[in-house]
**Q** 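My questions all concern the structure below.
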Amino acid sequence: MVTWARHGLAPAVMLLIMVSVGIAGAQDDVPVIGVDNVVALESVVQIDYETAPEALGDLISGWLRMSHDGRRVVTINRVNDLLLWDTFTGNLTDMYSVTDENGMQMAMLDIAWRTDSSAMHSLHTSGAGYFVAETNVETDVQRQIATPTGDDLPVRVWTDTDPDFTWIEVMPATPNDLPYVMRLSLVTGEVDVQLVSAPEADPKADVRIGRMPAPLVVTSTAAGLAKLWDLETGEEISNSQVDGMPMFGHINGASGRRLAWRDPLSENLHLLDFDTGDNVQVAPLDGAYVQALLLTPPSDVILGVNIDLEPVIVAWDVTTGQRTRIGEYRACGRTPDMVQLSTDGTTLVIGCDTGLDIWRVVDDETE
């Protein structure tokens, strides 16, 4: 049986291991980032790994998963402890590990939050197999279940609308078999849905854009036929023919229908609306590498993080194409490990080897 081990941390460890460099603002009234306020986007909290207490272990990774409401973020340390942070205060609010039946700590493969931000599902592995663990961050209730995947490798987890189920994307161990997805009961451990991954089964797809918000997937052909898929149904939701090849980008997490993308050579920045099929060239990039593209919920601003390996954040007005330099993020020893914009569009988090840099709009009222 897989078990939880909550670490008994001293109160001093739980508090303020961060540097507040701005004003976090009232938690109940956080502005959504948009074209009218993006210039007021500022770094409000920095979580500093270098000054973190030794009890937190070796903090070397900026890998993170942020809750949909932007209020919490989970990270891991070298030995796969899960650390839960409050993004308004920078406080560590919980720290725990998941161990197998032999008491061995299991490696973490992926984490996903429920859409109401009340709980997260984490995917783990050990010599004994693969497991999904759920923790409710509001009630501290936990439950775990083994995944019936045999030698196949679970690589991704996301939550279902039914709180008693979770979804897993699986890579087959047998050569030439196709990846598949399954809907797994957290109560019984039974699988009630299993489908071949439709995007992977499409013989015309040449590329799949990474880090899309599940269950959505975007693929493209070399000739520029972009397709939007639903992994849970195996259906092609929409497709659009565009000039160029969407290879890098991100879809709007709120609507799930608009895609900010750049071509392989970073010649231009585009916005594709899968509902209408319209593809707009927002601005020239002139070959500039952009590590992360993020699209606000109103789809009126595209944020770019790490431009030509410089630690900067820029914003493009989707309507005018105007580019605005927002500022520099916390210095890293390498490019960021992960960059996320919360689904509600209020919070930007940049994670790397030095810690987390949390950005929000600071307006006149919060100042």
Side-chain angles (χ1 to χ4, degrees), residues 1-7 63-68 72-77 79-84 93-174 177-197 200 212-217 230-234:
M1 166 180 268
V2 57
T3 59
W4 290 84
R6 174 165 278 109
H7 297 263
W63 187 97
L64 63 94
R65 285 288 188 264
M66 181 166 39
S67 61
H68 293 266
R72 299 180 176 98
V73 64
V74 60
T75 62
I76 58 173
N77 62 16
V79 296
N80 288 283
D81 291 321
L82 277 65
L83 294 88
L84 189 64
T93 60
D94 206 352
M95 179 178 174
Y96 59 90
S97 58
V98 180
T99 57
D100 63 18
E101 58 186 3
N102 299 315
M104 299 298 293
Q105 192 156 320
M106 295 199 292
M108 194 282 301
L109 299 175
D110 192 28
I111 295 175
W113 286 86
R114 287 189 51 79
T115 55
D116 64 2
S117 300
S118 65
M120 57 183 174
H121 294 180
S122 51
L123 183 63
H124 302 265
T125 184
S126 73
Y130 301 96
F131 301 85
V132 175
E134 179 191 65
T135 181
N136 189 305
V137 297
E138 296 176 351
T139 65
D140 276 349
V141 172
Q142 294 117 7
R143 52 184 173 174
Q144 310 85 32
I145 203 78
T147 68
T149 54
D151 293 332
D152 295 342
L153 173 62
V155 294
R156 191 182 189 196
V157 65
W158 67 93
T159 62
D160 190 72
T161 53
D162 186 327
D164 286 333
F165 287 85
T166 195
W167 284 86
I168 305 171
E169 185 171 10
V170 185
M171 299 299 294
T174 304
D177 282 358
L178 289 171
Y180 58 95
V181 299
M182 60 169 55
R183 185 175 185 255
L184 175 68
S185 170
L186 293 170
V187 178
T188 67
E190 296 178 352
V191 175
D192 71 340
V193 176
Q194 183 166 321
L195 300 169
V196 169
S197 175
E200 306 295 339
M212 287 290 136
L216 300 177
V217 169
D230 185 336
L231 286 176
E232 295 180 359
T233 63

**Q** When you measure from the side chain of Arg114 to the backbone of Asp160, do you find a donor-acceptor pair of N or O atoms at a distance under 3.5 Å?
**A** yes

**Q** Search all heavy atoms of Asn77 against all heavy atoms of Leu83 and return the closest pair with its distance.
**A** N-CD1, 3.8 Å

**Q** Just by distance, do the side chain of Asp116 and the backbone of Ser118 share a donor-acceptor pair under 3.5 Å?
**A** yes

**Q** Taking Thr147 for its side chain and Tyr130 for its backbone only, find out whether a donor-acceptor pair lies under 3.5 Å.
**A** yes

**Q** Calculate, to the nearest 0.5 Å, the distance between atoms CG and CD belonging to Asp177 and Glu200 respectively.
**A** 13.0 Å

**Q** Answer whether the closest heavy-atom distance between the side chains of Trp167 and His121 falls below 4.5 Å.
**A** no

**Q** Tell me the closest heavy-atom pair linking Gly189 and Leu184, and the distance in Å.
**A** O-CD1, 3.2 Å

**Q** Is there a donor-acceptor pair closer than 3.5 Å between any side-chain N or O of Ser67 and the backbone N or O of Arg72?
**A** yes

**Q** Take atom CG in Asp162; do more than 12 heavy atoms of anything else shown fall under 6.0 Å from it?
**A** yes

**Q** Spell out, as yes or no, whether a donor-acceptor pair under 3.5 Å connects the side chain of Asp230 to the backbone of Leu216.
**A** no

**Q** Between Asp152 and Ala173, which heavy-atom pair has the shortest distance, and what is it?
**A** OD1-N, 2.8 Å

**Q** Checking His124 against Ser126: is there a side-chain donor and acceptor pair closer than 3.5 Å?
**A** no

**Q** Once rounded to the nearest 0.5 Å, what's the spacing between atom CG of Leu82 and atom CE of Met95?
**A** 9.5 Å

**Q** Do you know the tightest heavy-atom contact between Leu231 and Glu169?
**A** CD1-OE1, 4.1 Å

**Q** From Phe131 CZ over to Leu109 CG, what is the distance, rounded to the nearest 0.5 angstrom?
**A** 11.5 Å

**Q** If you look at every heavy atom in Arg65 and Asp110, which pair is closest and at what distance?
**A** NH2-OD1, 2.8 Å

**Q** What distance separates Leu123 CG from Thr166 OG1, expressed to the nearest 0.5 Å?
**A** 8.5 Å

**Q** With Val74 as reference, evaluate Leu64, Asp94, Ile111 under the side-chain contact (heavy atoms from CB on, under 4.5 Å) test and give the passing residue.
**A** Ile111

**Q** For the side chain of Ser185 and the backbone of Glu190, is there at least one donor-acceptor N/O pair under 3.5 Å apart?
**A** no

**Q** Indicate yes or no: at least one non-hydrogen side-chain atom of Tyr96 is less than 4.5 angstrom from one of Asp140.
**A** no

**Q** To the closest 0.5 Å, what do you measure between NE2 (His68) and OG1 (Thr115)?
**A** 6.0 Å

**Q** With a 4.5 Å heavy-atom cut-off, do Glu134 and Ile145 have their side chains touching?
**A** no

**Q** Does the side chain of Gln105 come within less than 4.5 Å of Asp81's, by heavy atoms?
**A** yes

**Q** What pair of heavy atoms forms the shortest contact from Arg156 to Ala214, and how long is it?
**A** NH2-N, 3.3 Å

**Q** Applying side-chain contact (heavy atoms from CB on, under 4.5 Å), run through Met212 and Val217 and close with a yes or a no.
**A** CA-CA 6 Å; Met212 287 290 136; Val217 169; 5.5 Å; no

**Q** Would a 4.5 Å heavy-atom cut-off, applied to side chains only, mark Thr125 and Leu153 as touching?
**A** no

